[in-house]
Number of protein chains: 2
Amino acid sequence: MTLPENSENDAFDLQNFLPFLLNQAAEGSSLEFQRVYKDRYGMLRTEWRVLFHLGSYGEMTARDIGRRAKLHKTKISRAVHKLELRRYLKRSRDEKDRRVERLALTPAGQTVYNELRGIARDYDARLARKFTSGETALLRMMLRRLAGMD
Amino acid sequence: MTLPENSENDAFDLQNFLPFLLNQAAEGSSLEFQRVYKDRYGMLRTEWRVLFHLGSYGEMTARDIGRRAKLHKTKISRAVHKLELRRYLKRSRDEKDRRVERLALTPAGQTVYNELRGIARDYDARLARKFTSGETALLRMMLRRLAGMD
DNA sequence: GCATAATAGTTGATTTTGTAACTAACAAGA
DNA sequence: TCTTGTTAGTTACAAAATCAACTATTATGC
């Protein structure tokens, strides 16, 4: 592992490249939470996201979730199907527009959501404690802006 | 899209949940760069990462790259194979330890790396301009810590 | 009303990833 | 030296993501 000949390496540092760094941070900070929803609840990433959207915002359509979570409709379609099989959500046709399905958690889904929400809240608090509260607030603001959420 | 009955929603906001937010920011801020290495160079995410590691740090082994980039060896194995087919890198057996392969970019690989590095640098600068330089420095520090890079 | 286009969501084929088992080479201890 | 264990990397198979094509329904323009 020697240094490259080509040393007009002017001012580029991979370890500080934001897209790389953001990915590393996202993966690193998701690992533990992933073990919870995956190993303990048998859910996929898209599945907990759908569950959390319905738990947080109440009844939504697949399209609503896709917009908010920036998830492709095929991913959502399959996640909804799995959550339905597990009886965590139910669908109902919108009678105004029969293309649309209104999605809502069942009581069982609500229960799972409540459990996971508690774990998520604790986990978030643990991550936040790595910094001062001002720093964490600034971090969230910056991430929202990078995500195009405002 | 109505509010959930269950409104003991005490202090949990999905949009501010760090693992979610980090993922959204990572995806959002990778999109444009992805279009470059994917559409213009036909590379996968793991492939540009391997390319950048070799370009930035010079000759390395697959294991070295795996440690630095937190990539699983199977991913690296496949990325190395593809980069080799494109003649962007060459392998050579380490004669001290014949299990090990030393990986290095070919001149063609160096050229592609140099091009992409320039694009990456500009892109990073564009992202950084969304904030003050102090904020950006703080952001990088926090992300490194969340990624377990220090 | 009718043709055309747009939208919600699903399905199937292909690509990519993840997991486990594998080969080959080295290491360490009896 | 001979086991046993570890490490570097590959391969095969299963799981998941992506992309395109599809159905069904509603919207738009003439």
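Here is how names work: the chains are called A, B, and so on, in the same order as the sequence lines, proteins then strands, and each is numbered from 1.
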Ignoring hydrogens and angles, are the base of D:dT7 and the side chain of B:R99 linked by a donor-acceptor pair under 3.5 Å?
-> yes
Checking C:dA25, C:dG9, D:dT11 against the side chain of B:S77 (C-beta onward), the nearest is D:dT11
In whole angstrom, give the distance that lies between atom CG of B:L83 and atom C1' of D:dT10.
-> 16 Å
Look at the side-chain N and O atoms of A:T74 and state whether any lies under 4.0 Å from the OP1 or OP2 oxygen of D:dT18.
-> no
Atom pair distance, as rounded to whole Å: CE in B:M43 and C1' in C:dT16 = 17 Å
Aromatic ring proximity, centroids under 6.0 angstrom, A:Y113 and B:F12 = no
side-chain contact (heavy atoms from CB on, under 4.5 Å) filter on B:K38, not counting sequence neighbours, yields B:Q34
Specify the separation, in whole Å, of atom CZ of A:R45 and atom P of D:dA17.
-> 7 Å
With B:F20, which of A:W48, A:F33, A:F52 fulfils side-chain contact (heavy atoms from CB on, under 4.5 Å)?
-> A:W48
Whole-Å gap separating P (D:dA27) and NZ (A:K96) = 12 Å
Six-ring centre of B:Y57, B:R68 cation under 6.0 angstrom, axis tolerance 45° = yes
Counting just side-chain N and O atoms, does B:K75 come under 4.0 Å of either OP1 or OP2 of C:dG18?
-> yes
Would you tell me if any nitrogen or oxygen in the side chain of B:R91 comes within less than 4.0 Å of OP1 or OP2 on D:dT10?
-> yes
Qualifying residue for salt bridge (Lys or Arg N to Asp or Glu O under 4.0 Å) with A:E101, from A:R63, A:R91, A:K73 | A:R91
Take atom CD1 of A:I65 and atom P of C:dA8, then tell me their distance rounded to the nearest Å.
-> 13 Å
Indicate, with a heavy-atom threshold strictly under 4.0 Å, whether B:L44 touches base, sugar-phosphate, or nothing.
-> sugar-phosphate
Check the distance between D:dA17's P and A:E47's CD and give it to me in whole angstrom.
-> 9 Å
CG of B:D97 versus C1' of D:dT7: gap in Å, rounded?
-> 8 Å
How many Å lie between NZ on A:K73 and C1' on C:dT7, as a whole number?
-> 8 Å
Do the side chain of B:R78 and the base of C:dG18 come within less than 3.5 angstrom through a donor-acceptor pair of N or O atoms?
-> yes
Relative to the 5' end of DNA chain D, which residue comes earlier, B:K38 or A:E95, by the nucleotide with the nearest heavy atom?
-> B:K38
